[in-house]
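The structure presented is a predicted model; accordingly, all values stated were derived computationally and were not measured. Naming convention: chains lettered A, B, ... in sequence-line order (proteins, then strands); numbering from 1 in each chain.
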Number of protein chains: 2
Amino acid sequence: MQNFDQSFPMLLNRALDAVMPTYRELFTRYNLTEQQWRVLRVIWTSKNVTSANLSERTLLSPPSLVSIIDRLEKKNLVSRVRSVDDRRRIYVVATAEGRILQAEVTPQVLAIQTRIRNCVSDKEWLAMEKTLQKITEGMQSPEQSLAAKA
Amino acid sequence: MQNFDQSFPMLLNRALDAVMPTYRELFTRYNLTEQQWRVLRVIWTSKNVTSANLSERTLLSPPSLVSIIDRLEKKNLVSRVRSVDDRRRIYVVATAEGRILQAEVTPQVLAIQTRIRNCVSDKEWLAMEKTLQKITEGMQSPEQSLAAKA
DNA sequence: GGTATTTAATTAATACATTAACTATTTCAC
DNA sequence: GTGAAATAGTTAATGTATTAATTAAATACC
């Protein structure tokens, strides 16, 4: 298995390179980055979202989130609200201005996702989800490589 | 299909987040980044590699490659050689020092790849490759979304 | 043979990624 | 209650990512 071009990271990165430009084209029209969108769509669809929550759900690291939220705050799309009961915690909440954007962008993002989904059958898609899941779990648990062949 | 968490980019990013730390742990031991490794392994296994070639084969953009190659050059792992017949072109070639690294790191990278591969069956793996390929191609060709269901 | 167009690599500007360290709270154990 | 340890968010330093613009060399065309 000497083939680096077919390695897991390269396979996934190639696939991402194929789809992300389509997303970016959309986001650019609304002066957003992909990461900014990820933050927005989480706070638009959940309540009481802290930075830690955002990190989990957007897959963005806490240090990255700082500057991303900074910029969203400058654009008046979100604002930081310090928690009263635990003053370490900070909630990131949507602004009214952000809500307008949500209504505009969301359907277009969904259209892209549908377009991607329609590249393959439901069966293929679910199999892929399952395979990725297996690998994710297999690599999470330390070292059990040769066992979990399934 | 309202589920952003199961969107294609998020699925792939989650999988990458699961596997990349294992790679990084290795690369860090040799004072390399993942991107630097990608460049190295291409020039170690091919001849007459230009920046443009590297961009294709590493999936790194030309602007990114500039600083990556700069750093590899500083570490004496590669050197730039301007082409004689086309003076715009620049070959990136491996140094002897780099070759030593190659022998050390390559087997360990292969071990990680094997570990990932062993998380799923051959059948699952091939199905995933095929599915990713379909999506990559489907999104490359502009707009033919609803047609290529397979 | 000189100008316009491409091409290969780079620079510039802004945004994010990663790791380690730091600050302000809070919690826990004694 | 108090000091140690944990937690939430941030800062710092270095290394990419992305887009647009630039430079230098090569090719095309008239």
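Comparing Pro63(B) and Ser67(B) by the nucleotide of DNA chain D whose heavy atom lies nearest to each, the residue mapping closer to the 5' end is Ser67(B). Mapping Met20(B) and Ser51(B) onto DNA chain C by nearest heavy atom places Ser51(B) at the nucleotide closer to the 5' end. Toward the 5' end of DNA chain D, the nearer of the two residues Gln35(B) and Thr50(A), judged by each one's closest nucleotide, is Thr50(A). When each of Asp85(A) and Leu59(A) is assigned the nucleotide of DNA chain C bearing its nearest heavy atom, the one mapping closer to the 5' terminus is Leu59(A).
Residue contacts for Asp70(B): at a heavy-atom cut-off of 4.0 Å it reaches no nucleic acid atom on any strand shown. Nucleic acid contact for Ile68(A): sugar-phosphate only, since backbone atoms but no base atoms lie under 4.0 Å from a heavy atom of the residue. At a threshold of 4.0 angstrom between heavy atoms, the contacts of Arg71(B) include nucleobase atoms, whether or not backbone atoms are also involved. Residue contacts for Thr28(B): at a heavy-atom cut-off of 4.0 Å it reaches no nucleic acid atom on any strand shown. Across all strands, Arg38(B) comes closer than 4.0 Å to no nucleic acid atom at all (heavy-atom distances). Among the protein residues, Ser61(B) comes within range of the nucleic acid bases, having at least one heavy atom under 4.0 Å from a base atom. Ser64(A) comes within 4.0 angstrom of a nucleotide base, judged by non-hydrogen atoms across all strands.
For Arg88(B) against dT7(C), a side-chain N or O and a base N or O form a donor-acceptor pair under 3.5 Å.
Separating the CG atom of Leu60(B) from the C1' atom of dT18(D) is a distance of 13 Å, rounded to the nearest angstrom. Distance, Ile69(A) CD1 to dC16(C) C1': 13 Å, rounded to whole Å. When rounded to the nearest whole Å, the span between CG of Leu32(B) and P of dT14(D) equals 18 Å. A straight line from CD of Glu34(B) to P of dT19(C) spans 11 Å, rounded to a whole angstrom. In this entry the distance linking CG of Leu16(B) with P of dT18(C) reads 10 Å, nearest Å. As rounded to whole Å, 11 Å separates atom C1' of dT23(D) from atom CZ of Arg82(B). What separates CD of Glu73(A) from C1' of dG9(D) is a distance of 13 Å, to the nearest Å. Distance Glu56(A) CD to dG9(D) P: 11 Å, rounded to the nearest Å.
Using the six-membered ring where Trp is involved, Phe4(A) and Trp37(B) have ring planes that are perpendicular, over 60° apart on the 30 and 60° scheme.
For the pair Lys134(A) (side chain) and Glu124(B) (backbone), a donor-acceptor distance under 3.5 Å is absent. A distance-only check finds no donor-acceptor pair linking the side chain of Asn53(A) to the backbone of Val49(A) [under 3.5 Å]. Panel note: side chain Arg14(B), backbone Asp5(B); a donor-acceptor pair is recorded below 3.5 Å.
Here Arg24(B) reaches the OP1 or OP2 of dT18(C): one of its side-chain N or O atoms lies under 4.0 Å away. Note on Arg87(B): every side-chain N or O is 4.0 Å or more away from OP1 and OP2 of dT7(C).
Cluster membership for Leu110(A) and Tyr23(A), using ILVMFWY side-chain heavy atoms within less than 4.5 angstrom, is shared. The hydrophobic cluster containing Ile68(B) does not contain Tyr91(B), counting ILVMFWY residues as joined when their side-chain heavy atoms lie under 4.5 angstrom apart, directly or transitively.
Listed nucleotides dT19(C), dT10(D), dG9(D) differ in distance to Arg89(A); the shortest reach to its side chain belongs to dG9(D). Each of dT10(C), dA8(D), dA15(C) was ranked by its minimum atom distance to the side chain of Thr33(A); first place goes to dA15(C).
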